[in-house]
Amino acid sequence: MPSTTTSPELTVPDVTVGAKPRVLSGIQPTADSFHFGNYLGALRQWVDLQREYQPFFFIADLHAITVEQDPKVLRERTLRAAAQLVAMGIDPARSAIFVQSQIPAHAQLGWVLQCLTGFGEARRMTQFKDKSAKGGEGASSVGLFTYPVLQAADILLYRPHYVPVGEDQRQHLELTRDLAQRFNHRYKKTFRLPEPYILKATAKITDLQEPTAKMSKSSSSPAGIVELLDDPQVNAKKIRSAVTDSGSEIRFDPDEKPGISNLLTIYSALSDRTVTDIEEEYAGRGYGELKGDLAELVVDFVTPFRDRALELLEDQQHLMDILETGRRQAAAIAEVTLRDVFQRVGFAAPARSTGL
Ligand code: AQP
């Protein structure tokens, strides 16, 4: 557990004095299933952190539409995301699970922060460069460009201490902290400076077929990605067919042996054993044996998860109730922050309703 990182000089009005410190994170409903990168890089930490912190976890549908989505599919995937979060152990009794677009404050604060963000600063975000590379910058949406600023709003609204994410989000977290500091300095101390919570060992799970690239919903080939809701035997086959490196030694060396190092990382995370321990066990044995055993571990992990998620998906009303409870919890916090922001920026408050 990281040590506390709140800036000593920052006195943030906390609407839940005495409450536990907060964690917040989100995931996009951009595929039918989450993958091992999402799970090992971020979601597993969500499950662990919910015990000691006050957790807010959202399904980032506003972010999803930065690239074209089929509306019907997007709605389905939003519920699939909720089912997967619950199936993996996010407890709705402890954690607020909500849908980003249902809290208007995200987009509202996003606008205020856009007005504090330099164009050049936004341009430096490498994820935009990566994601716009395929179709060209001109064909990318402005939303894709300003995505990291909306993400800053997602985070700052809840004044969390920690944001559990994968390595690919580190730069966005730095921008979030910069914007928080800028707002606090220009107006009045309002935002907590959140710390990224990135577990080094699993910060970047790579593509099984292209082990120097990150495993990704949108850019991995089907053979390169382990999707948690896929048929477990299909996933086992993908592990057995993973690209490995020249030579035969089973050794963790991400530069020289990215393929085998990725498999060792996944093995270690699923078995709760150290990489060194696994290297020792497989000393003198071939890649095939390691892959075969890892395939079995993967089947043992994904089978109960998938069964539970599919069962949850059969009761959509229950999932919508969970999201509505989460929405209310999140809205209560977000609206207070937004009110502070609007007041500090100088927006005129609406006149009190006369009831007419
Ligand atoms: N390969 C990965 N290794 C470690 N962490 C990862 N994450 C994603 N891929 C890896 C982490 O998962 C969380 C949710 O990700 P997201 O849905 O918000 O989108 P993303 O980071 O852009 O992931 P994808 O799979 O590449 O999605 P698409 O293709 O839709 O853009 C984040 O915390 C992320 O760090």
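For this chain, numbers begin at 1 and follow the sequence in order. This structure is a prediction, so every number in the text was calculated from the model and none was measured. Order of appearance sets the numbers: ligands from 1, and atoms from 1 within every ligand.
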* To do: Give a yes or no on this: more than 12 heavy atoms of other residues, nucleotides or ligands lie within 6.0 Å of atom CZ of Arg75.
  => no
Are any of the N/O atoms in [X] less than 3.5 Å from those in ligand 1?
X: Gly26; answer: no
X: His35; answer: yes
X: Thr30; answer: yes

* Asked: Can a salt bridge be assigned to the pair Arg308 and Glu311 using a cut-off of 4.0 Å between side-chain N and carboxylate O?
  -> yes
* Got the closest protein heavy atom to atom 12 (O) of ligand 1, with its distance? -> Asn38 ND2, 3.1 Å
* Would you say Ile333 and Leu157 make side-chain contact, with heavy atoms under 4.5 Å? -> no
Just jot down the ligand 1 atoms closer than 4.0 angstrom to any heavy atom of [X], in number order.
X: Thr202; result: 4 (C)
X: Lys131; result: 22 (O), 28 (P), 31 (O)
X: Gln169; result: 21 (O), 35 (O)
X: Ser218; result: 28 (P), 29 (O), 31 (O)

* Sequence neighbours excluded - ring pair (Phe, Tyr, Trp, His ring centres under 6.0 Å) pairs with any residue from residues 306-346 -> Phe342-Phe347
